[in-house]
Every structure is written in C-alpha cells, then in structure tokens.
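Accompanying notes for the structure given below.
All figures in this text were calculated on a predicted structure; none of them were measured in a lab.
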Amino acid sequence: MEIASRLQLLFFTILMASIFNIVIGSIIPPNEEAQAKGFVGYSNALFRENFKPAFQDDANGRNSFMSVFGVFFPSVTGILAGTSITGDLKDPSGAIPKGTMTAIFFTSVSYIVIGWTTASVTLRHASGSVADLRAGNLTACHHDPYWAHDLSTLPDVCGKPDSPADCPCSYGSINFMEIMEIVGHFRPIILAGIFSATLSTALGCINFAPKIFQALCRDKIFPFIHIFGHGYTKNDEPYRAYALVMIIAVIFLMPSDLNFISNIVSNCFLMTYTLVNYATFDASYSNAPGWRPTFKYYNKWLSLATALACFVIMFALDWKSAVIVVGISVVLWLYVYYKNPNVNWGTSAQANTYKSALNDMHRLQRIEDHVKNYRPQVLVLTGLPCVRPALVYFANSITHGTGLLICGHVLVGESVKQRSVMASESYKWLRRRKLRAFYDYVAANSTAEGIRALIQTSGLGKLKPNILMMGFHRSWYNWSEVAMEEYTSALNEALDAKMGIALLYAKEGFDITTVVNFEKLVEDNTHEGNDQLKSAASADHVVPLELKPIEDPEVQARVRLAELFETGKKKHIVGEIHVWWLYDDGGLTLLIPHLLNRQSPWDKCKLKIFILAGQDPVAAKKEMLSLLEKFRIKADEVIPVDMEQPPGREQTQWFDRLIGGLREDGPTRNRKVSGLGVIRESEVREFGERTSKQIRLRELLLEHSSKSALTVVTMPLPKTNQSAIFYMASLHALTSDMPATLLIRGTQENVLTYYC
C-alpha cells in the first residue's frame, strides 16, 4: 500500500507536467506540418465551433452523447479510490471527504483545461496535406471515414497532395488520436502522461478492488470464494485477490476494443454508484441516531436524485448490458437475502425496519377496534420456551404467525441480570423453529406478582395480549394453599384485564426441564445461521429438540406430545376436534378450534360441535347450524346434549372420592396444618347444584369425547366464595381421563361477526 501511494504521487507529478506541456505547447505557433494535421493555433471562432456537439460514426456503429459518455465515464471513477482503503487510513472520516473533493477538483480542472485547450487550437477534420493547407482545402476531405467506402478499396492517392475530395480525413481532433502530441510539441512528456494516467488507474483498480473483495470473502456470504480472503505479510495483503483481479482484467482486455467494453465497465460503475447513493439516502431516511454525516452540504434528496440518475443513465447508455448488470445485482441480493448470513452490519435496512414498525404501531393505535379485525393475541406462560415446547407449539397453532404470541416467564426471587442472555437464547430457539413469537421475562417476589406484571406490561399499544394461556397442572392435589391461590388469582387477573383465559390439559404434562440439554441448545443457537441447520429447518420446518438421553417414560411421553403438536410437520394429527360450546362467551370457544382446524397439524381433523339441547334438541341444532353458516365456520357435525339430567352414581361417587381427602373434616385432617388447601363443607353445600352439572358434563365428555384428538370446553369461572382447591377439583373433573383438553372462557366481548 505504501509503494502504491508513492507511485501514485509520481504518476500525479508526471500527469501535471504533461498537462502543462499541452498548455504551453498550445501557445507556441504551429508550423505548416502541424497545421496540416489540424493544430492551427488559438481561434475564438474555432472554439465556438468545437464547443458544439458533432458525433461521427465509427467501426462500432452510430455514435451519440451516450456512446461517448460510456467511453469517457471510466476515466473519472478513480475519485472514489479512497473509499477502498478505509481500513488503512488513520482518520477515514476526515481523510476520505477531503481526498475525494480534492480528487474531484483536480480531475475536473484537468479535463476542462485539456478539453478547452484542444478545442481552441485544433480542427475536427484535416487532410494532413501541406498542399491542401496552402490551397485552402485542408478540411475539404470527407469528414466521415465510413461514409460509403470499403476502406480496402480507397484510392492509393488518398492522403497525398493530389488526393480527391471524397477521400476521408486522416487528421484532426476526431480522426487523429495523437493530436495532443502535436499540440504539446515535446512528445516524450505526452507519452509519459498517457502511460502515467493508464498506470495510475490500473494501479488503483488492482490495488484497491482486491481489498474490498478480500473483506467480502472473509464475511463468507458467497460460497467458494473464502480462499481469496487470506492475507499475507504484516499488512495483510490479498495476493490471491490480486491475481484474480489481474486475470479478470486481462480477460476483458483480450477483445482489444476499449470502446466495446467501455459500456460494460461504465454500467458496472453506474450500478455501484446507484447502490451507494441509495444506501446513503436510505441511511438518512431512517433517521438513525448513528448516521451522522460530517459533510456540511450533504442532502439526502440529492443522494436519491443521483441514484435515480445513475440508474436511468445505465439504460440510456446500453440497455442490454444494463439488464445484465441489474440482473446480476438482483441475483446476488436474492442470494444474500435468502441465505440470511449470521452477520450484523448495522445496515440502514435494520434502522428502517425499526422506523417502519414504530410508525405502524402509531397508525395502529389510531385505528378503532372492530370485531372483523379481531385476532387472538396470546400470552402463554411457558417459562423458557425450550422447557415446555408442547405448550409453545400449541399456542403457535392458534396464532400461526398472524397474531401476537408472547412466551411469558416468571422467575421468583431471581435477579434480572441474566435477562438479556435468556432472551437471546430463547429468541434463537424460536427462530430456528420458525416460530413467530416474543419472549418476556419477569423477576418477581411471587408467581402471582410476576403473572400480574406480565398481564399488565406485556405488549405495546394495540399489540397487547387478549388471551392468557397456561398449562393445567396435574399435581395440583399436593399444592399449598398459597400456590393454588396464585394459580386461580392469575385467571381472575386476566379476566379483570379483559383477557380471555385458556387452560391446556394433557395427561402427559408439558415440563421437560430435566432432559433439556442446555449446552447443546446454546451451541446450536450459536450456529443459528449454519447451512446444515437451515437446510434441515427448511425441509419440513422441523428442528429436533435438544435433549439428553431419556429414561423416564413420563418425560418420553411429554417429548412425543411436543413432537405431535409441532407446527410445520408434514404429518398431520388424525382424529376429531370436539367443541363443547356451553355458554355464550363472545364466540372465543368457537373461534379458537376453527383457527386450529385451518393449519397443520390440526387441519385434517374433523370438527364436531356439542351444544345444549334445551327443551327442543332439533330446534337447537337447526339454530346452531344457521349460526355457523352465518359465521362461515364449517363444522362436520352438530350434536345437542342434555345437561338437565342429574349425573349418574358412578361419576358422582368418583367426584366424592376426589374431594373426600380434601375436605376440612376428611380423613386427612392435617392438610390445613401442613399448609395445603382444604374444601370447606359450607361451599360443598353452596355449590352443590353447580357441582352436579359439572359432574354431568364429565359424564358426557367421557361418553362422547374420550377418543377425540382435542376437546375444547367452555371453562367455568371461579366464584367469589369458592376456594381455590374446590375450583381446581371442578376443573380436574372436566379433564381427568380425557385426551388433550383446552378449557376456554372469553370475556363476553364478541369475537365473531356475520359480516365479511
């Protein structure tokens, strides 16, 4: 890099000398031979004539402003060479703007001086004959060398003193490429300037382009190019990239026609400038605090206008090569977009994502709620998502990426220091399984306090949960009275917050904490962007759980349940979803099964709906079918059931045995002393009729739904004077000996409508 910088200074000195040579030479009066070749000295009229455009056809066809622009444009691309050596500069933010503006100034002055000087002293067309000069016919030759002749058949006398008028002009600024050597008088300096300009541009490209390519290779975004990222010497020189750039340059030079490749090169540069200017505009438009341009006169709209201008010029220059360049750029972008490399560049796209989300949140806040736009937004209490995957998968089957899903985690008596780590690992676990869910962590002094905090603080604006989902614990029988109160109080808190409640029961249970291999989980999360994991995830959207060897049959059953509930599987759950709609809760008990039935793994299940028969079962069924048709919910069967009959002796005795050991005067009188909940005799008498109906419902559930894949039941609500343990016993009666059961209760707010 140091040698290249010194050589650039040397080349710059030679170039300046060459320019001064042209300026000084233009002042010296030309001799007759120079005049015959087009160098006639300063003339105001000649400058005005040359200032106007005059395009001439050549071997490549018809020329225009754009074709000339394509040849000229690569000569001014070196002004951005400083951006390629950002890593080698001590103060890039200060050096690059100064260097770029200085380069633009000197380049502009150089081209203007050379162009205007040449236009002031040279004719466009000249025959090169001194005799024509003396005869006043210097420009009488044909100005278009390709006008109508096969060049091989031109008369031998062309270019001689007696050449006819239809011979093409051989000299002049358009026809004679060495005209500047004549203007400059001292030919060696002009040749040195030409070589210096060529070598300077080549050195810039071959020295700086490999640096950018080396950085790209080290990001390992594109396959098979990482070998060019290797550096040598203490300066980390990319010798392999140097060789590759040299080979590419030689390949493009092999046609030996710079006019032919100029359009391709120009369009590549124009595409680069289009993207750079748009990226600059995009960064400004995002209003990210980290974007702080130091250039005083910077304007984002100028960047956008420049990007659009570069893009339009590409197609005006050569639409065929423009299509190829744009196509290659789009293919590369699509590859990076879908590969989604595990790198963080802090791009403007990330800033715009935040800005767009924030703006959408504000717009959403101004929109009034309407039943047609209702969608479940679920706060599911899972703890770490990886320890209760079945619960996460089931909740995701309801929202399915189109509704808000928050995995709530309450840690009692723990610090929030590990919050960021736990959130990071949880989000990686969710992303690898393509679950669109959020993770919310709360540290609290008690479970009830933590759940209350989650209910009150989860979400933002209109994106707040409207359903609280929990797993129904099988071990409630041995809970302390405080634990039961916390559990039931969570339901009351949700109802007070106008949230629906849902309890999911599974005889297997949900917690697999004891077999989660956290070390493997963290390792797999670390390689979240690994191609092998991505290909495995994209094949059938299933990523295996990170588990230790399992010996406990109960835990094995919980793992199988999680695999059964996992969304995105090619296998589907076969069976029936039974919906027991016993109370009008706004329609939530109907909506949730309908949403489950629309997506895998529940989409192959039949949907049966059980309703209260009332006094006229036929009329009740007909009314329900009409209601479902208006709601546009397809049910395979509607079955009225009689809840007015008293329960049978078998199930009554079963319930008596269930609560027998829980009564305050029962055989285990020491429960209360041990801090366990007990059922008071007064509430047994007070809620006797209500309990009888729940026992009757248990009978019907066992009769009709014991073989279903999923049973959805309208959940009874806890009463004011009902103890937590008695309420838990009532819920147990609806779920015990049943397959997976979802107890749901809405807030009486309508979630279904007749209207589209």
Side-chain angles (χ1 to χ4, degrees), residues 371 374-378 380 390-403 405 466-472 499-506 561 564-567 572-612 620-621 623-641 697 700-701 704-716 731 734-735 738-754:
V371 63
Y374 174 87
R375 61 185 65 210
Q377 301 187 134
V378 182
V380 54
L391 200 55
V392 177
Y393 293 154
F394 187 86
N396 183 68
S397 296
I398 297 174
T399 60
H400 231 284
T402 61
L405 176 58
N466 52 28
I467 296 176
L468 174 68
M469 177 179 286
M470 298 189 293
F472 185 76
M499 296 173 62
I501 51 179
L503 297 181
L504 181 62
Y505 163 83
L561 179 69
L564 181 68
F565 284 175
E566 189 164 12
T567 54
H572 302 272
I573 297 176
V574 178
E576 298 176 345
I577 299 177
H578 289 185
V579 182
W580 292 75
W581 194 26
L582 307 177
Y583 314 100
D584 183 8
D585 59 352
L588 189 63
T589 308
L590 274 180
L591 179 62
I592 296 300
H594 169 68
L595 296 176
L596 288 171
N597 199 221
R598 292 172 57 184
Q599 303 284 351
S600 65
W602 303 96
D603 54 333
K604 300 300 182 182
C605 292
K606 293 182 178 180
L607 189 64
K608 288 186 177 181
I609 299 179
F610 295 83
I611 60 172
L612 297 177
K621 180 177 180 180
E623 182 182 357
M624 187 63 191
L625 288 171
S626 175
L627 192 64
L628 291 173
E629 183 178 358
K630 292 178 180 179
F631 285 149
R632 298 173 302 284
I633 294 178
K634 182 180 178 181
D636 295 279
E637 190 175 358
V638 174
I639 303 174
V641 293
L697 177 56
L700 294 171
L701 288 170
H704 295 281
S705 301
S706 59
K707 301 297 183 182
S708 65
L710 175 68
T711 303
V712 181
V713 185
T714 305
M715 183 170 64
L731 297 182
L734 304 180
T735 57
M738 291 289 294
T741 302
L742 182 65
L743 304 176
I744 300 180
R745 191 60 179 259
T747 61
Q748 306 300 322
E749 185 175 336
N750 290 333
V751 299
L752 292 172
T753 178
Y754 296 158

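- Put simply, CE on M469 and CD1 on I398 are 3.5 Å apart, with the number rounded to the nearest 0.5 Å.
- Test L468, V392, I467, L405 against V380 for side chain to side chain contact (heavy atoms under 4.5 Å, CB included) and you get one pass: L405.
- Contacts of T399 classified as side-chain hydrogen bond (donor to acceptor under 3.5 Å, both in side chains), with partners at least two apart in sequence or in another chain: none.
- Heavy-atom minimum distance, A502 versus L742: CB-CD1, 4.1 Å.
- Rounded to the nearest 0.5 angstrom, L701 CG and T741 OG1 are separated by 7.5 Å.
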Legend entry - Worked check of side chain to side chain contact (heavy atoms under 4.5 Å, CB included) between N466 and Y374: CA-CA 10 Å; N466 52 28; Y374 174 87; 3.4 Å; yes
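- Once rounded to the nearest 0.5 Å, the distance linking OG1 of T589 with CG of L743 reads 10.0 Å.
- Taking each heavy atom of I609 and A635 in turn, the nearest pair found is CD1-CB, 3.8 Å.
- When atom types are taken as modelled, the side chain of D585 and the backbone of G587 share a donor-acceptor pair closer than 3.5 angstrom.
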Inset, instruction - Just do the side chain to side chain contact (heavy atoms under 4.5 Å, CB included) check on T714 and R745 with the steps written out, would you? - result: CA-CA 6 Å; T714 305; R745 191 60 179 259; 3.9 Å; yes
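- In terms of heavy-atom proximity, S600 sits nearest to H400 at O-NE2, 3.6 Å.
- Contact detail for A506 and L561: the closest heavy-atom pair is CB-CD2, 3.6 Å.
- Note on ring orientation: taking the six-membered ring where Trp is involved, the planes of W602 and F394 are perpendicular (angle over 60°, cut-offs 30° and 60°).
- Taking F631 as the reference, Y754 meet the ring-ring contact (aromatic ring centres under 6.0 Å, His included) condition, with sequence neighbours excluded.
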Inset, instruction - Start with the C-alpha distance between L582 and L612, add both sets of side-chain angles, then the distance that settles side chain to side chain contact (heavy atoms under 4.5 Å, CB included), and finish with yes or no. - result: CA-CA 6 Å; L582 307 177; L612 297 177; 3.9 Å; yes
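- Every residue meeting the side-chain hydrogen bond (donor to acceptor under 3.5 Å, both in side chains) condition with E576, not counting sequence neighbours, appears here in chain and number order: H578, K608.
- For W580, the side-chain hydrogen bond (donor to acceptor under 3.5 Å, both in side chains) test picks out S705, with sequence neighbours left out.
- Between G401 and N396, the closest heavy-atom pair is N-OD1, 4.3 Å.
- Legend: residues meeting side-chain hydrogen bond (donor to acceptor under 3.5 Å, both in side chains) with N597, ordered by chain and number and at least two apart, are absent.
- T402 OG1 to L595 CG: the interatomic distance, rounded to the nearest 0.5 Å, is 7.5 Å.
- Residue pairs meeting the salt bridge (Lys or Arg N to Asp or Glu O under 4.0 Å) criterion with at least one member in residues 596-605: none, sequence neighbours excluded.
- Atoms CG and OG1, from L588 and T747 in turn, are 8.0 Å apart once rounded to the nearest 0.5 Å.
- Using a 4.5 Å heavy-atom cutoff, the side chains of L607 and K634 are not in contact.
- Going from atom CD1 of I611 over to atom CH2 of W581 covers 9.0 Å, rounded to the nearest 0.5 Å.
- In this structure, the side chains of L734 and P716 come closer than 4.5 Å at one or more pairs of heavy atoms.
- When every heavy atom of P739 is checked against every heavy atom of T711, the shortest pair comes out as CG-OG1, 4.2 Å.
- Proximity of L710 to I573: side-chain heavy atoms (C-beta onward) are nowhere separated by under 4.5 Å.
- Counting heavy atoms of neighbouring residues, nucleotides and ligands inside a 6.0 Å radius, atom CD of Q748 exceeds 12 of them.
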Inset, instruction - Show your reasoning for whether side chain to side chain contact (heavy atoms under 4.5 Å, CB included) applies to V713 and L697. - result: CA-CA 10 Å; V713 185; L697 177 56; 4.1 Å; yes
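- Other residues, nucleotides and ligands contribute more than 12 heavy atoms inside 6.0 Å of the CD atom of E637.
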